[in-house]
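What follows is a single structure, written as structure tokens, with notes after it.
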Amino acid sequence: MPKEQVSHHYNCNICKDKGFIFKDINGYEVASKCKCKLKEEILSKSNNSGLGDLFETKTFETYRTEEGYQRIIKSKAIKFTKEFLSGNRRSLAILGQSGAGKTHIMTAVAGKLIDNNIEVKYFIADEIIQRLNACKYDEENYNREFNKIANASVLFIDDLFKSSIQEYYKIESINQEDLRIIFQIINYRYNKNKPILLNSEIHYERFAELDQAIIGRINEMCDYEYLISIKPDINKNYRLKRR
Ligand SMILES: Nc1ncnc2c1ncn2[C@@H]1O[C@H](COP(=O)(O)OP(=O)(O)OP(=O)(O)O)[C@@H](O)[C@H]1O
Ligand SMILES: [Mg+2]
Ligand SMILES: [Zn+2]
């Protein structure tokens, strides 16, 4: 009698739910995170983590484009992704109005990159600041943490300076220590030519008033083409729209 076939059902057939795979690099087997793991990490950290299906719902297809600014955001993001996948590894920054779909579009971009086996690490900016602040008096630890964050293939930083500014229109109200930490990360990647996906509620002109060193580098990393800024405009807050 033939042995009964044991049929496994895996959520991920690539790694068989182990979360990592082995890649052959010059004859060496090197463990690396599977796509499913990378996506799971983004899901577990992002604001909408309760949804669980972010990568299915926050896509280019589901981003609506009735308004001009939405068409610009979407078409730039798609062009950026195409060019990135063909080897042009620039950065993408979407700044400005809350609820305009910055995280939605950036998640769509990240999903496409991960689908193409590119490692994307997701951090809410405050998490970076907290993690580095927590070990700032312990050099060895600090360097280790710093390298973990700064050396990701693609670094997705969401909600930059969300809690670093007391009052949006008061320049002096930004936390200087936060500014310094973020500058270190951005400058490191700028020098190494490593791409960043950046979202911030602070629009471009405001940002330039706050800090020219950071925004200048980001603009250059985005090749002056992939920095999109949406000025404060409550009508562009999708969360407040009647649908
Ligand atoms: N053009 C759009 N089409 C479909 N859904 C959209 C669109 N714009 C925004 N949304 C939805 O509205 C909600 C808010 O968007 P999102 O979280 O991307 O905004 P945000 O710009 O990142 O805001 P914040 O600065 O507050 O983080 C999300 O559920 C998102 O999917
Ligand atoms: Mg957001
Ligand atoms: Zn997997």
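Model, not experiment: these values are computed from the prediction. Indexing begins at 1, ligand by ligand and atom by atom, following the structure's order.
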[options]: member with heavy atom nearest to [atom]:
atom: atom 21 (O) of ligand 1; options: Lys102, Arg64, Glu201; result: Lys102
atom: atom 22 (O) of ligand 1; options: Thr103, Asp159, Leu160; result: Thr103
atom: atom 29 (O) of ligand 1; options: His104, Glu61, Lys58, Arg71; result: Lys58

**OP:** Locate the shortest heavy-atom distance separating Ser98 from Glu201; write the atom from each residue and the value.
**Re:**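 Looking at all heavy atoms of both residues, the shortest contact is CB-CD, 3.6 Å.
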Original post:
What do we get for Tyr238 next to ligand 1 when only non-hydrogen atoms under 4.0 Å count, side chain, backbone, both or neither?
Top reply: side chain
Original post:
For ligand 1, does Thr62 get within less than 4.0 Å through its side chain, its backbone, both, or neither, judged by non-hydrogen atoms?
Top reply: backbone
**OP:** Could you tell me whether the Mg ion (ligand 2) has an N, O or S atom of Thr103 under 2.8 Å away?
**Re:**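 Of the N, O and S atoms in Thr103, at least one lies under 2.8 Å from the Mg ion (ligand 2), which means yes.
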Subject >> SB check Glu225 Lys79 (cutoff 4.0 Å) >> reply: yes
Original post:
For Phe183, which residues count as a ring-ring contact (aromatic ring centres under 6.0 Å, His included) partner, sequence neighbours excluded?
Top reply: none
Subject >> Qualifying residues under ring-ring contact (aromatic ring centres under 6.0 Å, His included), relative to Tyr142, sequence neighbours excluded >> reply: none
Subject >> Within one Ile-Leu-Val-Met-Phe-Trp-Tyr cluster: Ile21 and Leu113, side-chain cutoff 4.5 Å >> reply: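 Looking at the clustering, Leu113 is in a separate group from Ile21.
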**OP:** Kindly work out whether a path of hydrophobic side-chain contacts (I/L/V/M/F/W/Y, heavy atoms less than 4.5 Å apart) joins Leu198 to Ile72.
**Re:** no
Original post:
Is the NZ or CZ atom of Lys236 positioned over Tyr69's six-membered ring, under 6.0 angstrom from the centre and within 45° of the axis?
Top reply: yes
Original post:
Does NZ or CZ of Lys33 come closer than 6.0 Å to the centre of the six-membered ring of Phe20, within 45° of the ring's axis?
Top reply: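 Because its charged atom misses either the 6.0 Å distance or the 45° angle limit, Lys33 does not stack over Phe20.
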Original post:
Relative to the heavy atoms of Gln70, which atoms of ligand 1 are at a distance of less than 4.0 Å?
Top reply: 1 (N)
Original post:
Looking at ligand 1, does any of its N/O atoms fall within less than 3.5 Å of an N/O of Ala100?
Top reply: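 Yes.
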Subject >> Atoms of protein origin (N, O or S) under 2.8 Å from the Zn ion (ligand 3) >> reply: Cys12 SG, Cys15 SG, Cys34 SG, Cys36 SG
Subject >> ring-ring contact (aromatic ring centres under 6.0 Å, His included) partners of residues 210-232, not counting sequence neighbours, each pair once >> reply: Phe80-Tyr226
